[in-house]
Amino acid sequence: MMIAKRMEGVSEYYFSQKLREIDLLNKEGKNIINLGIGSPDLPPHPDVIRTLQEEAAKPGVHGYQGYKGIPALRQAFADWYQQWYQVVLDPDTEILPLIGSKEGIMHICMTYLNEGDQALIPDPGYPTYASAVKLAGGQSITYPLQEERNWYPDLEALAATDLSKVKLMFVNYPHMPTGQQVETGMFEKLVHFAKENNLLLIHDNPYSFILNDSPVSLLEVPGAKEVVLELNSLSKSHNMAGWRIGMLCGSKERIEEVLRFKSNMDSGMFQPLQMAAAKALSLGKEWYSYINGIYAQRRNEVYRILDILGCHYELKQVGLFVWAKIPGQYTDAYALSDEVLYGANVFLTPGGIFGSQGNRYIRISLCGDLSRFEQAIIRISKLYK
């Protein structure tokens, strides 16, 4: 049986492969400390778990749900956006709950890309952008993000290229993997660029609450709804990665277009999950202060690891990872990552998996209790003593 042509050139996700390798090493007794993957290890707020338990015990909540999510969840997302981003959204027409924001990337590509259409993909950037474009029949055109430009796109250089086939442009701030926050005026420039070149901006925004005092949304820019769809998620901000709760927001027309595809792909989200998500979205500043206090302690331990490795890093980063430039003696970050994995039984993510611009960088996740970081420091210190 031959697989579909759309699968040609689409490889298995890097972390899926690497986790199998780590599993084999663990079976050999290596006890690998995995500091590569950004899967929050902390639980959601107790009230969120309690809400799920209480709602799941009720009769009549276990059937199929509406494709647009329950009104209580859409209203909670609207209130959340107004409180934290100062963005007004109509809960009935401008918000679409998702079974995780990752599926939204695929929904958007399938909704808007025809065979041969192009999408602008950041390098470095989340690998799923390119694979979703490929699976939808489109062509990925990478645009470089470089440290000397503060990991921002060179919009003037992009405008000088042939953009006639480009329909989508993926952007992501706070940026993963570099942790770069957006500066005043950059979002305005992106919206202007999209309008000038008749393309749709897809803003992936799951990291805005992690180690960041100023959450921002691309939809804050006046007129942005004309050219922007924004993805958001509870995975990182509320420690609910496995719950698979995300959202898409934008203009009524764009939401209706994506819903036409999504409604053919699933049958709605479990209602008690939606009620628990609404509870999570109602949490106040003390919740974000609590989780960020823990992440700040962990980040200090990551700095110690990077100092041992001789890496250079910026202290202004936000988000769930620390991004760092490797020393010059290594050919690339894969070499350093493998050296640490096989020499110290600690896994660090090589930046090259996010694109060629990441070849000389590594990324370390803040997910894991302090004892794991302390043990990693001991192991890596022995390797480089």
Side-chain angles (χ1 to χ4, degrees), residues 68 74-75 77-98 101 104-105 107-109 111-113 117-122 125 129 141 143 145 149-175 180-209 212 214-233 246-262:
K68 292 179 61 176
R74 296 198 307 272
Q75 185 63 58
F77 273 124
D79 294 342
W80 190 56
Y81 255 71
Q82 185 157 18
Q83 178 180 0
W84 297 103
Y85 299 117
Q86 293 76 55
V87 171
V88 176
L89 296 170
D90 185 327
D92 292 327
T93 62
E94 296 181 330
I95 293 173
L96 180 62
L98 302 170
S101 61
I105 297 169
H107 292 341
I108 291 167
C109 291
T111 299
Y112 293 106
L113 295 178
D117 285 340
Q118 295 177 343
L120 295 173
I121 306 294
Y129 303 148
I141 306 296
Y143 62 91
L145 304 178
R149 292 187 57 85
N150 294 322
W151 306 107
Y152 296 137
D154 186 340
L155 297 179
E156 291 185 6
L158 272 177
T161 64
D162 180 9
L163 300 176
S164 59
K165 294 183 179 179
V166 174
K167 294 183 73 175
L168 306 177
M169 179 178 182
F170 285 89
V171 293
N172 160 226
Y173 293 100
H175 185 249
Q180 177 67 47
Q181 179 57 290
V182 72
E183 293 178 355
T184 302
M186 176 50 64
F187 276 173
E188 286 81 358
K189 292 176 182 177
L190 284 167
V191 170
H192 177 74
F193 178 81
K195 290 182 177 181
E196 286 288 303
N197 294 281
N198 192 32
L199 53 86
L200 187 60
L201 281 174
I202 313 303
H203 184 225
D204 191 17
N205 193 22
Y207 296 100
S208 59
F209 286 88
N212 180 28
S214 303
V216 291
S217 165
L218 187 45
L219 291 172
E220 294 176 30
V221 177
K225 286 181 187 177
E226 299 170 23
V227 291
V228 172
L229 278 171
E230 182 160 285
L231 294 154
N232 217 316
S233 168
M247 59 94 76
L248 180 67
C249 53
S251 71
K252 176 179 181 291
E253 293 75 18
R254 300 291 86 78
I255 295 299
E256 288 178 348
E257 289 162 354
V258 176
L259 180 60
R260 286 171 59 191
F261 179 81
K262 175 180 165 55

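- Evaluation of the side chain to side chain contact (heavy atoms under 4.5 Å, CB included) rule for Leu113 yields Cys109, Asp117, Val133, Ala136, Lys167, Leu168 as partners, not counting sequence neighbours.
- Partners of Tyr152 by side chain to side chain donor-acceptor pair (under 3.5 Å), not counting sequence neighbours, listed by chain and number: Gln180.
- Not counting sequence neighbours, the partners of Phe170 by the ring pair (Phe, Tyr, Trp, His ring centres under 6.0 Å) test are Tyr129.
- Residues forming a ring pair (Phe, Tyr, Trp, His ring centres under 6.0 Å) with Tyr112 (at least two apart in sequence, or on another chain): none.
- Using a 4.0 Å cut-off between a side-chain N of Lys or Arg and a carboxylate O of Asp or Glu, Arg260 and Glu257 do not qualify as a salt bridge.
- Listed by chain and number, the residues in a side chain to side chain donor-acceptor pair (under 3.5 Å) with Trp151 amount to none (sequence neighbours excluded).
- Taking Glu256 as the reference, Lys252 meet the salt bridge (Lys or Arg N to Asp or Glu O under 4.0 Å) condition, with sequence neighbours excluded.
- Listed by first then second residue, pairs satisfying salt bridge (charged side-chain N to carboxylate O under 4.0 Å, His left out) with a partner in residues 186-207 read Lys195-Glu226, not counting sequence neighbours.
- Take Asn198 and apply the side chain to side chain contact (heavy atoms under 4.5 Å, CB included) test, not counting sequence neighbours, and it matches no residue.
- Among residue pairs with one or both ends in residues 83-97, those qualifying as salt bridge (charged side-chain N to carboxylate O under 4.0 Å, His left out) are Arg74-Asp92, Glu94-Lys225; sequence neighbours excluded.
- Every residue two or more places apart in sequence or in another chain that forms a side chain to side chain donor-acceptor pair (under 3.5 Å) with Gln181 is listed here: Asn212.
- A salt bridge (charged side-chain N to carboxylate O under 4.0 Å, His left out) check over residues 149-161, counting only residues at least two apart or in different chains, returns the pairs Arg149-Asp154.
- Under the rule for a side chain to side chain donor-acceptor pair (under 3.5 Å), the partners of Asp79 that lie at least two apart in sequence or sit in another chain are Gln75.
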